[in-house]
Amino acid sequence: MRVRVAPSPTGDPHVGTAYQALVNLAFARSRGGVFVLRIEDTDRARSSLESEAAILDALRWLGLDWDEGPYRQSERLDLHRSEVDRLLAAGSAYRCFCTRERLDEMRRENRARQRFPGYDRRCRGLSSEESARRAAAGEEHVVRVAMPTEGECVMQDLLRGEIRREWELIDDQVILKADGYPTYHLACTVDDHAMGISHVIRGEEWINSLPKHLRLYQALGYEPPTFCHLPLLRNNDANRSKLSKRRNPTSITWFRDAGFLPQALLNFLGLIVSSRAEGEEKFSFDQLADGFRFEDISLGGPVFDLDKLRWLNARYLREDHDAAGLADLVREWSMGRERLAAIAALAQPRLETLGDWGRLTNFLFVDAPEVERAKLAVKGLEEAQVAEVLQFMLWTLEREQEFTADVIQGHFRRLSEALGLSLRDLTRPFYVAMSGQTASLPLFQSMEILGPDLVRARTRRAIDALGGISGKRTKKLQKRFEAVRAAS
RNA sequence: GUCCCCAUCGUCUAGCCAGGUCAGGACUCCAGCCUUUCAAGCUGGCAACACGGGUUCGAAUCCCGUUGGGGACGCCA
């Protein structure tokens with residue numbers, strides 16, 4: 001029995017990845033199986049080594065260690081390409097020379113006519129001679145799978161049982177991009193087979209792609225594994241969309257930085273996977289793995305309840321540590337040597353006695369400071385406008401990979417110019433959002449020390465403190481934001 | 001829009017597959033006890049089977065429909 005988790009290194013280590021890793025690992029441990037880690041980095045533009053490192057770190061922090069890997073898909077291109085060639089030779093796949101413009105146009109039309117927006121299969125009829133000739137001539141193309149055009153795809157999901165879908169509703173999916181990299185569908189299928197994965201346990205968002213994968217298994221002559229689609233973690237707001245960093249802290253590093261214990265987070269995720277009828281809700285990974293059963297997973301999308309996590313975390317804090325142990329924990333969390341030195345550098349010029357330290361640096365040692373609405377005010381701006389400014393910066397920072405004081409300062413300068421606002425006025429509400437106070441340690445350096453996760457969470461809190469921004473308003477704002485961004 | 005998945009307290013859920021208990025537990029909230037304060041702890045309380053049909057002596061549980069929510073529809077994963 002072999003399972004895997006296959007995150008894509010395109011952003012912060014997501015708590016959903018931890019959730020899936022947890023289920024896979026628990027299943028593996030309960031049956032003496034092997035747990036494989038595979039990095040899905042076939043998106044050359046968005047994948048980064050930093051993100052990959054952060055994911056490995058986060059999984060290790062949680063104690064979700066892998067038995068094999070990490071494998072990188074980008075290092076397995078020869079295999080992927082040769083399998084594509086095999087499909088091409090067998091006529092199960094074909095080259096497509098359609099331009100992106102034509103595809104966009106076609107999708108727009110189909111959507112407007114409320115039809116299935118898939119590819120119209122224009123290139124599927126090309127003769128193999130013409131196809132080979134144009135490819136040899138260097139014409140840009142992708143490779144698509146030829147899907148069956150009639151009948152029904154009958155799938156088995158471990159949690160849901162049988163699922164049926166008309167084949168004609170399945171698109172001729174691209175499996176090899178113009179840049180020569182495989183898409184998820186191909187790479188995942190080929191690698192799962194090559195790595196002997198017996199159970200594919202992944203998020204529910206893949207359920208619609210299962211027919212494509214099944215077709216690939218068949219065309220490649222592979223025996224398909226057992227598939228199991230886990231419900232998606234949801235946001236805690238009204239619409240309950242799938243958990244996103246837009247609205248909630250989703251990064252595993254945020255949980256670490258905000259002072260949660262890895263055991264508590266893991267336990268919390270485990271509670272979603274396998275909740276006890278009654279009795280003890282605090283349990284270790286080993287206990288979870290011990291009694292692991294797929295039947296215990298409920299199919300409704302669970303809302304991530306931070307309050308319950310805090311309660312669990314509190315229990316770990318006081319039940320699993322004595323006072324001395326807790327002191328070690330706090331020191332480790334808040335005063336890593338490097339971090340402490342950075343804070344000292346900011347505090348030193350503002351310190352009269354060591355006793356000032358607490359007052360001055362307190363905000364760097366809490367998960368979130370209290371923010372008074374009145375303190376967020378900026379002279380000459382409405383509250384709503386202040387909220388918008390905060391939102392603009394939040395969007396800017398969400399895209400920023402390099403979270404250093406200099407880079408952050410650059411963003412503030414540009415935004416102040418673009419909005420015609422003095423840097424002083426622009427930064428004022430951010431001092432309050434970050435520290436809870438109008439007078440505080442230097443903003444940009446403080447933000448660097450806090451790190452992207454806490455900065456984003458605090459900015460969001462400040463926006464909420466000002467009454468928030470409605471969904472409608474957000475859309476309009478986003479347009480203006482793009483305009484401002486383009487201009488600056 | 002089309003297709004797929006899902007539906008028990010505000011939240012996580014037990015019960016459903018093998019119909020028959022005041023629908024159970026936990027978080028949150030409220031009250032009381034304990035206590036130098038606050039937490040913690042203890043005790044108690046508020047709170048749910050989305051709706052409509054069917055099958056049945058009997059439906060949260062089985063079937064159908066409606067509604068609601070989510071997901072997918074990319075040369076992203």
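Each chain gets a letter, A, B and so on, in the order the sequences are listed, and its residues count up from 1.
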Any ion pair linking [Y] and [X] (charged N to carboxylate O, less than 4.0 Å)?
X        : Y        : answer
A:Glu105 : A:Arg107 : no
A:Asp43  : A:Arg46  : yes
A:Asp320 : A:Lys282 : yes

Under a 3.5 Å threshold, yes or no: a donor from one side chain and an acceptor from the other, between A:Asp191 and A:His80?
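There is such a pair (donor and acceptor under 3.5 Å, judged by atom type) between the side chains of A:Asp191 and A:His80.
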Quiz question: by atom type and distance under 3.5 Å, do the side chains of A:Thr17 and A:Gln20 form a donor-acceptor pair?
no
Rounding to the closest angstrom, what is the interatomic distance between [N] and [M] at atom [atom1]?
N     : M     : atom1 : answer
B:C51 : B:G69 : C1'   : 15 Å
B:G15 : B:C30 : C1'   : 28 Å
B:C42 : B:C5  : C1'   : 44 Å
B:G25 : B:G58 : C1'   : 27 Å

As a quick check of understanding, evaluate ring pair (Phe, Tyr, Trp, His ring centres under 6.0 Å) for A:Phe283 and A:Phe268, giving each step before the final call.
CA-CA 9 Å; A:Phe283 49 81; A:Phe268 175 74; over 10 Å; no
Which residues in residues 43-80 of chain A have a heavy atom closer than 4.0 Å to any atom of RNA chain B?
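The answer is A:Asp43, A:Arg46.
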Going 5' to 3' through nucleotides 33-40 of chain B and flagging B where a protein heavy-atom sits under 4.0 Å of the base, S where only the sugar-phosphate is that close, and - otherwise, we get -------S
Side chain of [X] only, heavy atoms from C-beta on: which candidate in [options] is closest?
X        : options             : answer
A:Asn208 : B:A77, B:C3, B:C75  : B:C3
A:Trp311 : B:A77, B:U28, B:C4  : B:U28
A:Arg165 : B:A72, B:C75, B:C3  : B:C3
A:Val303 : B:A77, B:C75, B:U11 : B:U11
A:Ser298 : B:A14, B:C6, B:C75  : B:A14
A:Lys308 : B:C6, B:U13, B:C27  : B:C27

Assess whether ring pair (Phe, Tyr, Trp, His ring centres under 6.0 Å) is satisfied between A:Trp206 and A:Tyr184, documenting all intermediate values.
CA-CA 11 Å; A:Trp206 293 113; A:Tyr184 170 84; 3.9 Å; yes
Does a side-chain N or O from A:Arg107 land closer than 4.0 Å to OP1 or OP2 of B:C75, or not?
yes
Does B:A77 have OP1 or OP2 sitting under 4.0 Å from an N or O in the side chain of A:Lys177?
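Yes, within the criterion.
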Base-pairing assignment for [N] (Watson-Crick or G-U wobble, both under 3.5 Å):
N     : answer
B:A59 : none
B:G1  : B:C73
B:U21 : none
B:A48 : none
B:A26 : B:U11

Name the nucleic acid region contacted by A:Thr10, choosing base, sugar-phosphate or nothing; use a 4.0 angstrom heavy-atom cut-off, strictly under.
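Answer is nothing: A:Thr10 stays at 4.0 Å or more from every strand.
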NA contact type, A:Cys98, heavy-atom cut-off 4.0 Å: base, sugar-phosphate, or nothing?
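A:Cys98: base contact, heavy atoms under 4.0 Å.
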Partners meeting side chain to side chain contact (heavy atoms under 4.5 Å, CB included) with A:Trp311 (sequence neighbours left out):
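By the side chain to side chain contact (heavy atoms under 4.5 Å, CB included) rule, A:Trp311 matches A:Glu281, A:Lys308, A:Arg315.
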How long is the line joining [atom1] of [X] and [atom2] of [N], in whole Å?
X        : N     : atom1 : atom2 : value
A:Leu158 : B:C17 : CG    : P     : 19 Å
A:Phe268 : B:U11 : CZ    : P     : 14 Å
A:Trp206 : B:A72 : CH2   : P     : 9 Å
A:Glu205 : B:C73 : CD    : P     : 10 Å
A:Leu210 : B:C5  : CG    : P     : 11 Å
A:Arg234 : B:G10 : CZ    : P     : 17 Å
A:Glu40  : B:G74 : CD    : P     : 19 Å
A:Leu271 : B:A26 : CG    : C1'   : 8 Å

Charged tip of A:Arg29 within 45° of A:Phe35 ring normal and under 6.0 Å:
no
Apply ring pair (Phe, Tyr, Trp, His ring centres under 6.0 Å) to the pair A:His199 and A:Phe27, showing each step before the final yes or no.
CA-CA 10 Å; A:His199 296 71; A:Phe27 179 52; 4.9 Å; yes
Report yes if the side chains of A:Ile252 and A:His14 come closer than 4.5 Å at any heavy-atom pair, otherwise no.
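In short, these two side chains do not touch, never coming nearer than 4.5 Å.
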Between A:Leu232 and A:Arg293, the residue closer to the 5' end of RNA chain B by nearest nucleotide is A:Arg293
Pair A:Glu40-A:Arg38, side chain to side chain contact (heavy atoms under 4.5 Å, CB included): steps then yes or no:
CA-CA 6 Å; A:Glu40 310 238 315; A:Arg38 187 173 71 221; 2.9 Å; yes
